[in-house]
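For ligands, and for the atoms within them, numbers begin at 1 and follow the listed sequence. Since we're looking at a predicted model, the values are computed, not measured. Just the heavy atoms: all of them, side chains too, but no hydrogens, waters or symmetry mates, feed the values below.
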Amino acid sequence: MKAKLDQIRCQVQEQIKSCDTTEKLNEIRVSILGKKGQLTDLLKSMKDIAPEERPKVGQMVNEARAEIERTLEEQKRKLERALREAKMKAEVIDVTLPAKKTEMGHRHPNTIALEEVERIFIGMGYEVVEGPEVEKDYYNFEALNIPADHPAKDEQDTFYITGDILLRTQTSGVQVHEMEKGKLPIRMIAPGRVFRSDEVDATHSPSFHQIEGLVIDKDITFADLKGTLAEFARELFGESTKVKFRPHHFPFTEPSAEMDVTCFKCGGAGCRFCKGSGWIEILGCGMVHPHVLEMSNIDPEVYVGFAFGVGLERIALLKYEIDDMRLLYENDIRFLKQF
Ligand code: DAH
């Protein structure tokens, strides 16, 4: 009996230690300790043993049983630990791996230039407003004193949607929208997209951007216009920038002028950038025409104003020394990344 028991113990210990799944471990448990298991069978044969031997044999069987259960339990824990470790290993994140590169977006030179212009005028107490891109003829032309037979109204220059509705050719119409609100004084800039039926080349595009400016108050003079725009030019292009006003004509301002700034590249000596003149034209401006005020129900005997219009692309091209406007619209990331 003892020999049989020792044989079972040895054999089972081997089986358990070489077992590699918890399912198999369970099968072993059943085959030894179960109802029809080897050890149970052995207990059943106790009846054939002499009664005085029984307690001793019983104790031996119980010890063997306890030993087998311990081994089973140990092996079970070992298997579970191995399983946990394998799982952790599979889930491990290697923080030293190089990250996947994602291309970051970038602000467009137009946006950077616009934010700069807005910062300057907001600093002078101006409000930033917007107007519609699809506009009535009245706002784009008529209320700005542009007569019906003006060449700008030609279909060759303007995209018409109907006879009366068009894509605005200038942001100047926003002046009229603001004046119509009837809230005075006005100090506004209005950035936005404009449209003209132009062929694409290095300096033209059928769609570009302007920034309109309008100030209406009592006692405004041409000196206010000059001082404001000279300060704008200095902030935008540098402290040493000088400005020059040349007489010009715009239907909605009287008198009208174009403003030049000293070339920031050569400082006014003349270079390739300013085509040797030392000056670069940068905006149109003037005192708001009394008739324009009148049409928007503002009394020109009481109120005066000045206005100006700047091309946003022109500023971006100048500031970043870009010599082809088309680069601004291609959105090539290699180009945009440089600003
Ligand atoms: N709207 C003009 C243009 O598109 C630019 C301009 C000139 C706007 C003079 C103004 C101004 O407000 O006073 O060419």
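No more than 12 heavy atoms of other residues, nucleotides or ligands shown are found within 6.0 angstrom of NZ on K242.
In this structure, the side chain of D224 engages the main chain of T221 through a donor-acceptor pair within 3.5 Å. With S18 contributing its side chain and E14 its backbone, the two residues share a donor-acceptor pair below 3.5 Å.
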Which donor-acceptor pairs under 3.5 Å do side chains of residues 275-284 form with protein atoms, sequence neighbours excluded?
residue: S277; atom: OG; partner: C274; partner atom: O; Å: 3.1
residue: S277; atom: OG; partner: W279; partner atom: N; Å: 3.1
residue: S277; atom: OG; partner: W279; partner atom: O; Å: 3.0

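Applying the side-chain hydrogen bond (donor to acceptor under 3.5 Å, both in side chains) rule to T253 yields the partners S256; only residues at least two apart in sequence or on another chain are considered. Applying the salt bridge (charged side-chain N to carboxylate O under 4.0 Å, His left out) criterion to R234, with sequence neighbours excluded, gives E231.
Enumerated by chain and number, the residues approaching ligand 1 to less than 4.0 Å through a heavy atom are Q170, S172, Q175, R196, Q210, E212, F250, F252, T253, G284, C285, G286, A307, F308, G309.
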